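Working notes for the structure below.
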Amino acid sequence: MALIVQKYGGTSVANADRIRNLASRVGRFKKKGHQIVVVVSAMSGETNRLIALAHEVTPTPDPRELDVIISTGEQVTIGLTCLALHELGFKAKSYTGSQVRILTDESHGKARIIDIDGHNMQKDLDDGYVVVVAGFQGCDAKGNITTLGRGGSDTTGVALAAALKADECQIYTDVDGVYTTDPRVVPEARRLDRITFEEMLELASQGSKVLQTRSVEFAGKHKVKLRVLSSFQEVGEGTLITFEEDSKDDNMEEPLISGIAFNRDEAKVTILGVPDTPGIAYQVLGPVADANIDVDMIIQNQGADGTTDITFTVHKNEMNKALEILRNKVQPLIHAREIKGDDNIAKISVVGVGMRSHVGVASQMFRTLSEEGINIQMISTSEIKIAVVIEEKYMELAVRTLHQAFELEET
Ligand code: ASP
Ligand code: MG
């Protein structure tokens with residue numbers, strides 16, 4: 001007997017038929033004697049619909065009330081999932097985030113989980129129930145409903161798996177695993193049998209939409225065994241997310257590159273000609289961080305004339321807010337020559353632990369892009385990642401040619 005957490009995404013609960021399918025799959029696991037916790041997302045499109053609805057009422061919805069609204073999608077699907085399980089003769093009980101007591105901090109819209117009370121769930125499991133929990137939501141210490149950020153049901157799944165010390169956390173989605181890149185852009189993309197947590201974390205944070213970044217982080221930290229599977233196929237091992245040490249046992253040669261992620265959600269903010277004095281980066285980026293704007297890449301370049309240029313990237317939705325802060329709060333102190341934004345960019349990242357022991361990956365990437373006449377605007381690297389910012393219109397071309405250059409296709 002194993003304790004398994006199964007998380008089902010929006011497409012897996014998109015209508016009554018799919019929910020019935022989900023229930024039969026859960027039922028099959030239950031019949032094998034396993035204890036099952038199901039985490040569901042809202043029906044696909046529902047969270048977007050609720051956000052749009054709130055914006056019809058006001059362009060600037062209050063974050064607390066927005067969370068009250070957008071957490072309802074998952075409340076519907078937990079109830080429906082339990083009904084479908086009851087129809088099949090299984091005992092099942094639903095829980096919202098606050099009923100479990102998934103305790104989070106107070107940052108509405110991107111709350112972090114602080115603690116999970118597993119007692120009631122464990123008791124239900126021991127009594128033979130399938131426990132069905134609403135993804136994406138929790139509550140703060142005062143009882144306010146919070147949400148965990150888009151795609152946050154993955155994090156709920158992983159966090160429950162950690163809290164309940166589950167044997168495995170299975171993420172069911174509309175693809176049958178993690179691919180070398182998005183098959184919609186490169187049809188030759190290949191499913192990976194396994195990938196390391198570090199690689200998955202880079203891919204997720206660089207734009208791969210298969211798993212929410214936080215869920216991977218959480219799973220890595222708490223050593224949760226994580227597997228991505230298709231909810232539309234009966235068979236298949238999906239992709240197992242492993243620890244590098246474990247995957248090395250296989251004696252398999254590590255691939256140089258495991259995957260390519262891309263992201264067109266970022267925008268570039270550039271501050272030209274600020275005095276090159278100690279503390280300038282802090283003066284520029286401090287107020288941006290204080291406004292809770294996530295900054296991704298940062299580049300600072302010293303000029304010859306005693307000034308320096310700073311460029312950084314933020315989410316497209318936050319570019320104007322960042323520019324406003326810089327122009328109104330920062331500019332009077334730093335007197336930059338120019339402050340400008342550009343949201344016509346895309347970021348492409350190649351990721352692989354094999355990079356650690358090989359040189360030349362960066363130069364191969366740059367050569368491939370130059371052969372296509374694609375200009376690189378920014379570069380950033382980590383031990384296992386090289387990311388470039390290019391003009392948005394070249395994104396698909398860049399992904400396709402890099403996928404080929406690194407021989408990631410199906411063979
Ligand atoms: N329903 C939420 C969203 O669409 C959470 C999730 O699906 O994971 O972002
Ligand atoms: Mg998702």
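Numbering of residues begins at 1 and proceeds along the displayed sequence. Heavy-atom basis, side chains included; hydrogens, waters and symmetry copies ignored. Bear in mind the structure is a predicted one, so any value in this text is a computation, not a measurement.
Side-chain contact check for T11 and S44: no donor-acceptor pair (N or O, by modelled atom type) lies under 3.5 Å. Side-chain polar atoms of T308 and Q300 form a donor-acceptor pair below 3.5 angstrom. The closest side-chain donor-acceptor pair between T213 and S205, if any, does not fall under 3.5 angstrom. Counting only N and O atoms by type, the side chains of T147 and H108 include no donor and acceptor under 3.5 Å apart. Looking only at atom types and distance, the side chain of E199 has a donor-acceptor partner in the side chain of T196 under 3.5 Å away.
Of the listed residues (V5, V132, I4), just one forms a side-chain contact (heavy atoms from CB on, under 4.5 Å) with I36, and that residue is I4.
Using a 4.0 Å cut-off between a side-chain N of Lys or Arg and a carboxylate O of Asp or Glu, E217 and R214 do not qualify as a salt bridge. Electrostatic pairing of R264 and E396 counts as a salt bridge here, judged by a charged N lying under 4.0 Å from a carboxylate O.
In this structure, A42 and T47 approach most closely via the heavy-atom pair CB-OG1, 3.7 Å. Closest heavy-atom contact between Q212 and L148: NE2-O, 3.5 Å. Contact record, A162 with F218: CB-CE2, 4.0 Å, taken as the closest heavy-atom pair. Considering all non-hydrogen atoms of both residues, G109 and D67 come closest at N-OD2, 3.0 Å. Across all non-hydrogen atoms, the minimal contact from D343 to E392 is O-OE1, 3.8 Å. For the pair V224 and V158, the tightest heavy-atom approach, listed with the atom from each and the gap, is CG2-O, 4.0 Å.
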*How far apart are the C-alpha atoms of K347 and D296, what are their side-chain angles, what is the distance that settles it, and do they pass the salt bridge (Lys or Arg N to Asp or Glu O under 4.0 Å) test?*
CA-CA 11 Å; K347 187 173 63 166; D296 180 32; 2.4 Å; yes

_Between E266 and T313, is the side chain to side chain donor-acceptor pair (under 3.5 Å) condition met? List the steps._
CA-CA 6 Å; E266 285 186 25; T313 61; 2.8 Å; yes

*Applying side-chain contact (heavy atoms from CB on, under 4.5 Å), run through T239 and D193 and close with a yes or a no.*
CA-CA 5 Å; T239 300; D193 287 330; over 6 Å; no

_Test salt bridge (Lys or Arg N to Asp or Glu O under 4.0 Å) applied to E324 and K321, step by step_ = CA-CA 5 Å; E324 209 180 281; K321 193 166 146 201; over 6 Å; no

*Could you check I113 against I102 for side-chain contact (heavy atoms from CB on, under 4.5 Å), going step by step and ending with a plain yes or no?*
CA-CA 7 Å; I113 297 176; I102 297 180; 4.0 Å; yes

*Test log, rule side-chain contact (heavy atoms from CB on, under 4.5 Å), inputs V76 and L80*: CA-CA 6 Å; V76 172; L80 291 171; 3.7 Å; yes

*Please report the C-alpha distance between D126 and Q35 in whole Å, then the side-chain angles of each, then the deciding distance to 0.1 Å, and finally whether the side chain to side chain donor-acceptor pair (under 3.5 Å) criterion is met.*
CA-CA 8 Å; D126 294 339; Q35 294 189 329; 3.2 Å; yes

*Test log, rule side-chain contact (heavy atoms from CB on, under 4.5 Å), inputs Y129 and M121*: CA-CA 9 Å; Y129 283 91; M121 289 185 292; over 6 Å; no

*asked:* Apply salt bridge (Lys or Arg N to Asp or Glu O under 4.0 Å) to residues K385 and E198 and explain how you reach the verdict.
replied: CA-CA 10 Å; K385 174 203 74 189; E198 279 179 292; over 6 Å; no

*Test side chain to side chain donor-acceptor pair (under 3.5 Å) applied to D124 and Y95, step by step*: CA-CA 11 Å; D124 286 339; Y95 284 90; 2.4 Å; yes

*Start with the C-alpha gap between S349 and Q206, add the side-chain angles, then the distance that decides, and say whether side chain to side chain donor-acceptor pair (under 3.5 Å) holds.*
CA-CA 7 Å; S349 314; Q206 299 301 318; 3.0 Å; yes

*Between E168 and R227, is a salt bridge (Lys or Arg N to Asp or Glu O under 4.0 Å) present by the stated rule, with each step listed?*
CA-CA 8 Å; E168 186 164 315; R227 193 186 286 279; 3.0 Å; yes

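At distances below 3.5 Å, at least one donor-acceptor pair connects side-chain atoms of H358 with backbone N or O atoms of G354. T181 contributes a side-chain N or O that, together with a main-chain N or O of I260, makes up a donor-acceptor pair within less than 3.5 Å. Looking at S231, its side chain does come within 3.5 Å of a backbone N or O of T173 through a donor-acceptor pair.
Once rounded to the nearest 0.5 Å, the distance linking CZ of F136 with OG1 of T156 reads 9.0 Å. Taking CD1 of I298 as the reference point, atom CE of M378 lies at 8.5 Å (rounded to 0.5 Å). Between atom CD of residue Q99 and atom CG of residue D117 there is a gap of 12.5 Å, rounded to the nearest 0.5 Å. Rounding to the nearest 0.5 Å gives a distance of 9.0 Å between CD1 of I257 and CG of L402. With values rounded to the nearest 0.5 angstrom, L125 atom CG is found 9.0 Å from M1 atom CE. Note: Q377 CD to K268 NZ = 3.5 Å, rounded to the nearest 0.5 Å.
Side-chain contact between E202 and V350 is absent, with no heavy-atom pair separated by less than 4.5 Å. Between I390 and I345, every side-chain heavy-atom pair lies at or beyond the 4.5 Å cut-off. Considering only heavy atoms from C-beta on, R190 comes within 4.5 Å of L192 through its side chain. The shortest distance between side-chain heavy atoms of Q6 and F29 falls below 4.5 Å.
The number of heavy-atom neighbours closer than 6.0 Å to CD of E237, taken from other residues, nucleotides and ligands shown, is 12 or below. With a 6.0 Å radius and a threshold of 12 heavy atoms from other residues, nucleotides or ligands, Q122 has its CD atom above the threshold. In E371, the CD atom is crowded: over 12 heavy atoms of neighbouring residues, nucleotides or ligands sit closer than 6.0 Å. Other residues, nucleotides and ligands place no more than 12 heavy atoms under 6.0 Å from the NZ atom of K329.
Under the salt bridge (charged side-chain N to carboxylate O under 4.0 Å, His left out) criterion, the residue pairs touching residues 135-150 are E106-K142, with sequence neighbours excluded.
Checked against side-chain hydrogen bond (donor to acceptor under 3.5 Å, both in side chains), S153 has the following partners two or more places apart in sequence or in another chain: S41. Looking at residues two or more places apart in sequence or on another chain, you find a side-chain hydrogen bond (donor to acceptor under 3.5 Å, both in side chains) between D105 and S107.
A cation-pi arrangement is absent between K7 and Y172, since the terminal nitrogen or guanidinium carbon is not both under 6.0 Å from the aromatic centre and inside a 45° cone about the axis.
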